[in-house]
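Taking it in order: structure first as structure tokens, then the write-up.
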Amino acid sequence: MAGTVRERREEGSGRFLRYALLLVLALGAALFISRGRSGPKTGTQAEAFDLPVVAGNRERFRLADQKGTPVVVEVFASWCGVCRRTAPMLSDAARAPRKNPVRFIGVSVDQDAIAAKSAKDQWNLAYDVALDDGRFSKAYGITVLPTLILIDGEGRVRHVSAGAPRSSELEDWLEDVGAARL
């Protein structure tokens with residue numbers, strides 16, 4: 001009888017370990033799948049935003065003012081190494097002559113304007129940089145830096161990249177909205 005109780009205990013603890021292992025694997029898979037998700041869903045109407053430009057040629061950047069023109073939004077931070085390595089590719093794309101106009105805007109999630117301005121200067125960004133006070137990131141579901149969002153001229157989210165896209169991928173996006181390189 002004592003052997004039977006021990007066997008039941010061992011069987012019960014083995015079953016517990018199997019369930020615990022399955023739970024850990026399921027949580028790991030959920031984290032892995034959600035890790036790459038950042039930004040709004042493609043095909044949805046982009047949330048309106050109005051941000052102060054802290055480095056550039058204008059005082060504010062309003063999505064509503066861009067009606068009819070596609071907008072590439074880069075969400076970044078000055079401390080983000082991937083963002084820094086992505087900067088030359090994005091600046092090259094912003095400077096390139098195109099069939100139709102496209103606007104680029106950097107949205108910094110830094111704590112202050114000085115860090116955002118410094119990133120624009122040090123990385124030689126070819127587009128204005130606005131500062132997010134947290135509302136933009138929340139409205140757009142930003143969880144990964146950099147996140148790139150292409151909004152078409154009608155205000156719909158056409159493409160989203162959590163992390164840095166390849167240059168060819170960005171050019172495909174821009175061709176998709178009529179702003180191919182010349």
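Start at 1 with the first residue, then count along the sequence. Only a predicted model underlies this, so the values are computations on that prediction, with no experimental measurement involved.
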Crowded around N57 CG? As in, over 12 foreign heavy atoms under 6.0 Å? no
Check whether any side-chain N or O of S137 sits under 3.5 Å from a backbone N or O of I142 as a donor-acceptor pair, and report yes or no. no
Sequence neighbours left out, what pairs pass salt bridge (charged side-chain N to carboxylate O under 4.0 Å, His left out) with at least one residue falling in residues 39-67? D50-R60, D50-R62, R58-D128, R62-D65
Looking only at atom types and distance, does a side-chain atom of S108 sit under 3.5 Å from a main-chain N or O of A115, one as donor and one as acceptor? no
Working note: W79 + D110, criterion side chain to side chain contact (heavy atoms under 4.5 Å, CB included); need CA distance, chi angles, decisive distance, verdict. CA-CA 8 Å; W79 46 262; D110 285 298; 3.5 Å; yes
Using every non-hydrogen atom in the two residues, find where A94 and A126 come nearest and quote the distance to one decimal. CB-CB, 4.2 Å
At their closest point, which heavy atom of L63 faces which heavy atom of A48, and how far apart are they? CD2-CA, 4.5 Å
Contact between P40 and I149 at the side-chain level, heavy atoms closer than 4.5 Å - yes or no? yes
How far does NZ of K117 sit from OG of S78, to the nearest 0.5 angstrom? 13.5 Å
Check the angle between the aromatic planes of F61 and F49 and answer parallel, tilted or perpendicular using the 30° and 60° thresholds. parallel
Only pairs at least two apart or in different chains count here, so list each salt bridge (charged side-chain N to carboxylate O under 4.0 Å, His left out) that has a residue in residues 73-92. D92-R181
How does the hydrophobic cluster around V72 look, that is, which other residues are in it when side-chain heavy atoms under 4.5 Å mark a link? V54, F76, M89, L90, V102, F104, W123, L125, Y127, V129, L131, L148, L150, L170, W173, L174, V177
Distance in Å, Q111 CD paired with D132 CG, rounded so as to fall on 0.5 Å steps: 10.5 Å
If a pair satisfies side chain to side chain donor-acceptor pair (under 3.5 Å) and one of its residues is in residues 145-156, list it, with sequence neighbours excluded. S38-T147, Q45-R156, D152-R158
With clusters defined by side-chain heavy atoms of hydrophobic residues (ILVMFWY) lying less than 4.5 Å apart, directly or transitively, does V73 cluster with V144? no
Beyond-backbone contact of P146 with C80, side-chain heavy atoms, under 4.5 angstrom: yes
Partner residues of D112 under the salt bridge (Lys or Arg N to Asp or Glu O under 4.0 Å) criterion, sequence neighbours left out: none
Joining Ile, Leu, Val, Met, Phe, Trp and Tyr whenever any side-chain heavy atoms lie under 4.5 Å apart, the cluster holding V82 also takes in none
Does CD belonging to E169 count more than 12 external heavy atoms closer than 6.0 Å? yes
Got Y140 and V75 here, is their nearest side-chain heavy-atom distance under 4.5 Å? no
